[in-house]
Amino acid sequence: MKKSLTAPVVLGALALALGGCATPPAATSAAPTATAATSVAQSDFKACMVSDAGGFDDKSFNETAYAGLTKAVAELGVQKAEVQSQVAADYAKNVQAMVTAKCDIIVTVGFALGDATAAAAKKNPDIKFAIVDFAYTDEDGKNIAEKNVKGLVFNTAEPSFMAGYLAASLSQTGKVGTFGGAPYPSVTAFMDGYARGVTHFNEQKGKKVAVLGWDVAKKDGTFIGGQDPFGDLSGGKKSASNLVAQGADILLPVAGPAGEGALQVAKASNGKVGSMWVDTDGCISQEQYCAVIPTSVGKAMDVAVFEAIKAAKDGSFSNEPFVGTLENGGAYLAPFHEWDPKVSAETRAELDKIKADIIAGTIKTSA
Amino acid sequence: MAEPEPRTNRLRAWASARWRDWTITLAAFVLALIVGAILMIVADPEVAGNFAYLFTAPGLALGAAWTKVSTAYSALLMGAVGSPSALAATTAAAAPLICAGLAVGLAFRAGLFNIGAQGQAVVGSMAAAWVGFSLPLPPVIHLIVAVLAGLIAGALWGGVVGWLKARTGAHEVIVTIMMNYIASGLLAWALTTSAFQRPGRSDPISPEVAGSATFPQIFEQLHVGFFVALAAALVVAWVLDRSVLGFSIRAVGANPHAAGTAGMNVGATTIITMALAGALAGLAGVMAALGPSVNGVPTPLSEGLVGTVGFDAITVALLGRSKPVGIVFAGLLFGGLSAGGLAMQSVAQTPLTLTLVLQALVVLFVAAPQLVATLVPFLKARKGSVSLTGADA
Amino acid sequence: MIRPVADEAEHGTGLQLKSITKRFGTFVANDAVDLDIRPGEIHCLLGENGAGKSTLMNVLYGLYQPDGGEIVIDGAVQHFANPKAAMAAGIGMVHQHFMLVEVFTVAENMILGREPGLVVDLKAGRATVRELSARYNLPVDPDAVVEDLPVGVQQRVEILKALANDAAYLILDEPTAVLTPQEIDELMVVLQRLRDEGKGIVFITHKLREVRAIADRITVLRRGRVVGRAEPGTSENELAQLMVGRAVDLTVSKQHAEPGPVRLEVENLTVTNSAGAVVVDGISFEVAGGEILCVAGVQGNGQSELADALLGNLPVLSGSVRLDGHDLTDGTPKRAIIAGMGFVPEDRQHDGFIGSFTIAENLVLNRFDRPPFAKGAALDLEAINGNALRLRDEFDIRTPEVQNLGSSLSGGNAQKVVLARELSRELAVLVASQPTRGVDVGAIEFLHKRIVAERDKGTAVMLVSTELEEVEALADRVLVMYRGRVVGIVGPDTPRDVLGMMMAGCSYDEAVALAAAAPTEGGDR
């Protein structure tokens, strides 16, 4: 008998906890639930996004792309819809779900969605597609994308080169490290650029700073691997600890959310180890670790996504891939934040020089 | 012992017990939806914010909450069963879950806890996909060979576990877990070799499976594989209840000592059961590798292709009480939740995490009938009258 | 109903169950049962399996809630929501199936469920065990792991556990079912001592000899009702009739054996157990068709392993087993079964029976894969069902439906299923271990008759038993085993005390000499 009272009591308590006796704002303030961006004219244009298995809250890759969508909603007044994927089998279904939801442009995040995006683009020529981190090219690098698909790719090797140079200059042990989630090209580009930056430092300074976790010649390195390499936080931690145990004191984790493991290791080292961040400015997206992040290798995916949506809305959309570089700001080295005092004026000047040389093409950041 | 009861009495007791089962399942759904609704309201700051005005302007708060919840739930329902294409999506998601659920359920009936459906599905998907994209075979034969390859790969992967258990006494839980690691490592490695990796790609993805090795589409996502899964359930049901082998499997599962004393070969039964379970889980992998996705072609083999089907299968099997019919329904329930969950995301823009929580809540309540009976008092009151009859004194 | 008793005032009014009724669905397990237990008496509750004895005691112990009636202790009405409440009121119970954690030590089991806080006070547990052991003269090593202890000692632990609560009333549910004759005698002494200390003891059993030996008063239950109360002097036949509801023949009427040719030959058989210890040590014997060879011995002297090795369930170290000339040494159970060996395992629930299988399935457990029960890979459910219906009638298995689960059967009926399965085919030899353990009187009579009938069909029967009555009733020859060896093979009319001494390891001649020197004590119970 007592039991039957439980449900009403719980509901009542819940109502009290949530509820109050405040008065709602006057109805004259025009639809309080509407968006705050009242200054922007609302548009019927619908921009949509499909994440890869990392999800939109990965503090990295998907999250940055998503920021571009949010920005488009705020600044262009477009409508939005989104779907998160969990496994590879979801990709085609999820893109189709966005087609069904009558989107005008569908942005897919990650090269893993390459097949699904191409297939959907072919089937739905009236819908624009953009895909982050993937470009449809043949063996000669010629663009073979459908008319309505735009690839958004980033030459992350350029800022990674600068990050490698910086890491080498900051290292006390003479060893720096990097590891990836899985050997995808978009991952290894960071690692390779980083290692080449260290080599450049050694050549300039006549030093012998070693890189652990990537071998430029063999094009192979340390990866977390397993079922969920980019979500495996403990795997990231293990990889980072391994590198630290071998003497590395500046790390570059290229593993999405799993890279946070390296930040944890750095934080636990009491200042002995620093860990960079990738895709976004770690001092903003991983604020609590800012003290251990010397810099971040940024990919302005938000900008690229925003521009793609804007172009689709304006009618200036083309299937020509967007390539983010140091020059156009699509790939960048983030500010040093709390590490600012540790970076010497000399190093700053050298980094500026390197950036100029990369843009000028006098320094090659990849093979 | 009780005196023989009149038949009608027993029938009534049976019907009454059945009625109770169904009402409890229904109540489980309702409870899950209620809890889910509360979470949805609390999780959305805009909707929850309106509750500040609950006592002054109840319409505002309740209206917003109602809109939120009803949009989400109608999307869930429509996405799962609301249209022919929704039903097709449900069957596509259910097919591998049914197969893998059978793999866990069958092993469970033999007293074996098969945690390895995941690895068995992975190797099954590898074998089927490889045949699908590299062997040039004529239609129909290509599909059959690919399916058989998946079944055999899964059977070997499971059979090894049975053999180790029968021969050395190695516990199947530990061995299957390790075999899962080996399978996913094997797949990751294979995708870097020229045998599996798509030419011209540096990321781990295989070529697309040939059309001749793809399960024929029937209606949108509904493909022949779903009927293969139903057939598998029928076969397992027949094997368990009607066959000599099933008798041994159940006997070994219920009491291995008595089974051995009665002349059954416990070790051989263990090996055969694990091989059969492996084949069924392999079939789940085959579904993932050869089942056409919404765009008509199967998703190419990659590291996450089978997802977590082998682990979801444990829930499916437990929910289905390890009985084939129960597993089919549990698989359809999961498939519906998955298809409806996508609609909740894309149509009602409910976050994925909330969708997953709702799925978990449904499973939780369905799997815990006692909890439901406790929470819904009138069901509890009926309990005494349909209790077991004739307890031994 | 409750008769006044002279010393009632001295002890208070005791424990009374008044008109207890308990139903399960439509089945009435206890129908207005009255029972009173006085301090300082052993009250025997007698009844066949399924008569409602255990249900009644579970009501008293708070495991079941009665549908009617009340429990009164010393004049106060009690309601026991759970066993804890019953324990607090001074009731202790020793269950038929022990409620001990097998991998824990005795001391750990003792403090289980009564840990005062988070800290396990093992020292106090040990002290409690020692103190109780000394007080009731029940020696137990507090640090022994329960599963390593003989069954009788495990039961002693159960009794100590019940006593540790300062129980004034002690319920023992079929305490002798799992004990050897020696252990039973020891238990009787313990119970008498407890009675003399003023404990009220309920002794549940269906063994008439025990009742007559120990009871101060007897209440007989049949089909949930009290059908009679008796004094200890009542004859076994009268008690049996009261219990079963009809006249019961307690002696097995059997013709003299007419042994035919030798069918089972065992030569120099040596068997080790899983731990590698030699448990059967160079045993040789023969059993002829048409005779019953009883293997007598105290539990744990290698009889169980001998039977298992004959079946092929235990590997043979050396020696040979031949059945009708076929070599069965190092075979599998399957081979032995096909060669015509019927096997009734000692532990029915563990080795002979699957509770979650239907009765029909249990009846074909060893030949479901052969015609007529199998057609190719498929089972012939009709044949299996038909077989079950036939055997149910032939072996008087009391169940409304053969599709009911095996676990719904009482011990006696379950044993009938096992025996029916083994005897319903052509046998060369029947190896039966403890075929009547945990079985009620009516069923024992039936089982014994069937075994004798099987002998008369020309089957060689090897019967392993620790119960001397059974040995005396059935044996044509008696093989006494002690520590894995044959002490001697003697005739069926060997006196009980001589057999008893042989079971303790004396040779026949020594035993006869000793028996002659020390006249039997007996009669003082």
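Naming: A, B, ... by sequence-line order, numbering from 1 per chain.
For a residue to count as touching a neighbouring chain, one of its non-hydrogen atoms must lie under 4.5 Å from one of that chain's; by this rule A:Phe223 does not touch chain B. With a 4.5 angstrom heavy-atom cutoff, B:Ile205 touches chain A only via side-chain atoms. For A:Phe111, the parts lying near chain B are the backbone and the side chain together; criterion is any non-hydrogen pair under 4.5 Å. In this structure, chain B has no heavy atom under 4.5 Å from any part of A:Ala120. There is no contact between A:Ala53 and chain B, counting heavy-atom distances below 4.5 Å.
Closest approach of B:Thr299 and A:Ala88 over heavy atoms only: CG2-O, 3.6 Å. Heavy-atom minimum distance, A:Ala92 versus B:Asn295: CB-ND2, 3.7 Å.
Between the side chain of A:Glu82 and the backbone N or O of B:Gln349 there is no donor-acceptor pair closer than 3.5 Å.
Looking only at heavy-atom pairs under 4.5 Å with chain A, the residue among B:Ala89, B:Pro204, B:Ala188 that has the most is B:Pro204. Between chain A and the residues B:Leu342, B:Val347, B:Leu305, B:Thr350, the largest count of heavy-atom pairs under 4.5 Å involves B:Leu342. The greatest number of non-hydrogen atom pairs below 4.5 Å with chain B, out of A:Ala119, A:Cys48, A:Ala81, is found for A:Ala81.
Here the side chains of B:Pro300 and A:Asp115 are in contact, with some heavy-atom distance below 4.5 Å. No side-chain heavy atom of A:Lys123 sits less than 4.5 Å from a side-chain heavy atom of B:Val294.
A:Gln86 contributes atom CD, which lies 7.5 Å from atom OG1 of B:Thr308 (distance to the nearest 0.5 angstrom). With values rounded to the nearest 0.5 angstrom, A:Lys93 atom NZ is found 12.0 Å from B:Ser346 atom OG.
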Yes or no on side chain to side chain contact (heavy atoms under 4.5 Å, CB included) for A:Val87 and B:Val309, after CA distance, side-chain angles and deciding distance? CA-CA 10 Å; A:Val87 294; B:Val309 70; over 6 Å; no
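For A:Lys238, the NZ atom sits in a loose shell: 12 or fewer heavy atoms of surrounding residues, nucleotides or ligands are nearer than 6.0 Å. Atom OH of B:Tyr181 has 12 or fewer neighbouring heavy atoms from other residues, nucleotides or ligands inside a 6.0 Å radius.
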